[in-house]
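Data block below; observations after.
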Amino acid sequence: MIKIALYNFLTIFFFFTPLLLQAQPTLQWNALLDIEMSKGGAQSHFYYNEIDENNKDARIGLSQLNLIGKLVITPNWQLNGRFLLERDRGQKLDRLVVPQLNLQWLASKRKFGFTIGSFTNPFGSFNNQQLSIDRNFVGLPLAYSYYVNISDKIGFVENLGDITEINIDEERQWGGTNLYYGGYSTGGLFSWTIKPSKINWKLAVVTGATNLQKRFTDPLHLGIISRLKLQATYFWEQGFSFSHGSFLRDSEVSSTIDQLKKYRQTLLGTDFKLGVGFVEFSGEIIAAFYKTPVFLPDENRLLDTPAHLSNVSAYLDTKYELPFLQGSYLAYRIDRMTFGASEGYATNGAWDNAIWRHTLAAGYRFNEYFLARFAFSTQRVANKDWDKTQRTLRLVLTAHY
């Protein structure tokens, strides 16, 4: 990640330096930190419910520290950055990354905009909620947090992770999420406000499919992401998204694959937000389609015959603001992910196990600097004896400036 940040910095520096010499820039910055108390059920695991298997008991500590900055160079040009220290896969607070670093140009009337570098993935609506102060819940929806049986190094494997243990390049494979939970992409982004406060369109050319967590890979992948946002009425917002790109990375077993870039992920999604009075409804429906190789564990090799796999995920958030206590709310999320037929590659007919997750949440904003959020979740996974064993209890206090 640090190498990626350096690459982005050098690229942006090439464009940025001439502008800086001609302007009087101003720096704006914010800081944000999260202190979290958590407890997980007996079968908790980061790849399934965001709770590390070695930290299932009651735990409290700093989980995330952010420094967000914006350097306004001219009225049209600005440099955006985010520096993040967080727990590495729910374990120790030792992962230092620069998820966002980009140079942005906006037209004088803000109708058009171009961004180069690392920026928020424009797919869907949830990716825009990168900071904890933007989210009503503590955890992420299933599409962004639940690891399915497709790895970016070995493709599809039945029961990957918890039952089928495979180590590739000295790294245990757990598959991946439909959408990378970090929510950032690297490349170029074009934004067009077709009709102010009504219609906006974004189009990005990026380094690979939306499920890739590594932005620069061997080979270098390409992808395209687009979202059309419609403000139908003052209380109804609707979005339509598309993502397509290759994802298979080179590994110690990829020599049997003649062309890694032919394996791709495609996402189709729609998102919405409805708000009336003290009640708000929001959510997303996302269909994921994979063209992936199949790994044969007994032979330790990749089968270069594409498998075409799909799944559908959806969540609905309901939020109610308590009218008698300003700054407080109650919320409920129902989350579902199902999987299509496996074409004979899995014994249970589907290529992974369907999931239901229910989450109750509450929040209170003490003032403009402090926010407290509480969440309790439980989930059921088909064909697994995991009922009541993957519950989570999380309380987060956020301080931001």
With a 3.5 Å cut-off and no angle check, do the side chains of [X] and [Y] form a donor-acceptor pair?
X      : Y      : result
Tyr329 : Glu321 : no
Gln43  : Gln390 : no
Asn178 : Asn311 : yes
Gln238 : Thr270 : yes
Asn49  : Ser44  : yes
Asn127 : Tyr180 : no

Would you say that [X] contacts [Y] through its side chain, given a criterion of any heavy-atom pair below 4.5 Å between the two side chains?
X      : Y      : value
Leu316 : Phe272 : yes
Gln91  : Asn54  : no
Arg357 : Ser145 : yes
Thr305 : Val294 : no

Nearest heavy-atom pair of Asn300 and Val253: which atoms, and what distance? O-CG1, 4.0 Å
Going by the rule side chain to side chain donor-acceptor pair (under 3.5 Å), which residues pair with Glu368 if we only count those two or more places apart in sequence or in a different chain? none
When you measure from the centre of the six-membered ring of Phe46, is the NZ or CZ of Arg89 under 6.0 Å away and within 45° of the axis? no
More than 12 heavy atoms from other groups under 6.0 Å of CG on Asp385: no
Steps toward side-chain hydrogen bond (donor to acceptor under 3.5 Å, both in side chains) verdict (Asp152, Tyr263): CA-CA 10 Å; Asp152 60 6; Tyr263 293 108; over 6 Å; no
Among Leu101, Val206, Asn80, find the residue that satisfies the side-chain contact (heavy atoms from CB on, under 4.5 Å) test when tested with Phe119. Val206
Listing request: all ring pair (Phe, Tyr, Trp, His ring centres under 6.0 Å) pairs with a residue in residues 138-167, at least two apart in sequence or in separate chains. Tyr47-Tyr147, Tyr48-Tyr146, Phe126-Tyr144
Do any pairs count as a ring pair (Phe, Tyr, Trp, His ring centres under 6.0 Å) and have a residue in residues 217-252, sequence neighbours left out, and if so which ones? none
Could you tell me if the ring centre of Phe114 sits under 6.0 Å from that of Phe112? no
